[in-house]
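Keep in mind that the numbers below use all heavy atoms, side chains included, and drop hydrogens, waters and symmetry copies. Numbers restart at 1 for each chain; the letters A, B, ... are given by sequence-line order, proteins then strands.
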Amino acid sequence: MGDRPIWEQIGSSFVQHYYQVFDTDRTQLGAIYTGESCLTWEGQQFQGKAAIVEKLSSLPFTKIAHSITAQDHQPTPDSCILSMVVGQLKADEDPIMGFHQIFLLKNINDAWVCTNDMFRLALHNFG
Amino acid sequence: MGDRPIWEQIGSSFVQHYYQVFDTDRTQLGAIYTGESCLTWEGQQFQGKAAIVEKLSSLPFTKIAHSITAQDHQPTPDSCILSMVVGQLKADDDQVLGFHQTFLLKSYSSAWVCTNEIFRLALHNL
């Protein structure tokens, strides 16, 4: 672990924590967001911890399991960390689907919070 | 167009420009990067305009076509614009593949440049 850049360590720790909480009890995800955090979930916009947690808590499935295929992390010029995750998920008894998610992390008062979060299922409609 | 937030206008203009240049002549993409830009391409890291353009120019295909399925844009606390693209691409005569790409845009001297970029094909090894 000591050889990886710090942004990779922080980014991958965050990602691991996020999906662990999401898959066990997503109502507990509030701590990672602030009042100014933005979430775009399948094209819908939500702002602030309360609205984000309400959206995630109200998603229409009981069981959810995420599997990460790949994750990438980069430092940004403003000392934030940009993380991108490509993976698959299974909700209840639905078929496995690919997903894509990105997080922008910022250090506020010595804690890394998520200021920006975007999620999309990897569904392509053939036109 | 006037009703969309400014970050959506800037983000979608950038995305449209990026894939148009990529698909016609990707050696010309240099203008959108700076000396500090970071690209992660399928897990490989590249830093700076020159290294990034060299990587993109050397990708082993002649023809390339991107099709955007969905794009999302958000403003960040540091006045940047974060954009996420989900789409499909076809290189030469290969099969169509899904891809995921992320761009972080920053305004320098009244121009929007890409400071961070991450690209991955949507391939899952079961």
- prompt: How about A:Glu54: does its CD atom have over 12 heavy atoms from other parts shown lying under 6.0 Å from it?
  reply: no
- prompt: Where does B:Tyr108 contact chain A at under 4.5 Å (heavy atoms): side chain, backbone, both or neither?
  reply: side chain
query: Among A:Gln71, A:His100, A:His73, which residue forms the greatest number of heavy-atom pairs with chain B at distances under 4.5 Å?
result: A:His100
field: Considering all heavy atoms, the nearest B:Pro75-A:Cys38 contact
entry: O-SG, 4.4 Å
statement: Interface check, chain A: of B:Leu104, B:Thr115, B:Leu82, most non-hydrogen pairs under 4.5 Å belong to B:Leu82
- prompt: For B:Thr34, is it the side chain, the backbone, both, or neither that has a heavy atom closer than 4.5 Å to a heavy atom of chain A?
  reply: neither
task: Let me know if A:Leu39 has heavy atoms under 4.5 Å from chain B in its side chain, its backbone, both or neither.
output: backbone
- prompt: Can A:Leu104 be reached from A:Ile32 by stepping across I, L, V, M, F, W or Y side chains whose heavy atoms are under 4.5 Å apart?
  reply: no
message: Is there a path of hydrophobic side-chain contacts, each under 4.5 Å between heavy atoms of I/L/V/M/F/W/Y residues, joining B:Trp112 to B:Val85?
response: yes
field: Contacting region of B:Glu117 [heavy-atom separation from chain A under 4.5 Å]
entry: backbone
- request: Can you measure from CD (B:Glu42) to CG (A:Asp72) and round to the nearest 0.5 angstrom?
  value: 8.5 Å
Closest non-hydrogen atom pair between A:Ala122 and B:His100, with its separation: CB-CE1, 3.9 Å
message: Within the supplied structure, the quantity of interest is the number of heavy atoms (other residues, nucleotides, ligands) at a distance under 6.0 Å from B:Gln16 CD; does it exceed 12?
response: no
message: With a 4.5 Å cut-off on side-chain heavy-atom distances among I, L, V, M, F, W and Y, is there a chain of contacts connecting B:Leu29 to B:Phe103?
response: yes
- request: Report, as yes or no, whether the 6.0 Å neighbourhood of atom CG on A:Asp92 holds more than 12 heavy atoms from other residues, nucleotides or ligands.
  value: yes
message: If you define the side chain from C-beta out and look only at heavy atoms, does anything of B:Pro77 sit under 4.5 Å from A:Ile108?
response: no
field: Co-membership, hydrophobic cluster, residues A:Met97 and A:Val86, 4.5 Å side-chain
entry: no
- prompt: What part of B:Glu36 is in contact with chain A, defined as an atom under 4.5 angstrom from a non-hydrogen atom: side chain, backbone, both or neither?
  reply: neither
task: Mind checking the CE-CE spacing from A:Met84 to B:Met84? Nearest 0.5 Å is all I need.
output: 9.0 Å
message: Side chains of B:Lys106 and A:Asp78, heavy atoms from C-beta outward: is any pair under 4.5 Å?
response: yes
statement: To the nearest 0.5 Å, atom CE of A:Met118 lies from atom OG1 of B:Thr102 at 7.5 Å
query: Between A:Val21 and A:Ile64, is there a shared hydrophobic cluster once you connect ILVMFWY residues whose side-chain heavy atoms come closer than 4.5 Å?
result: yes
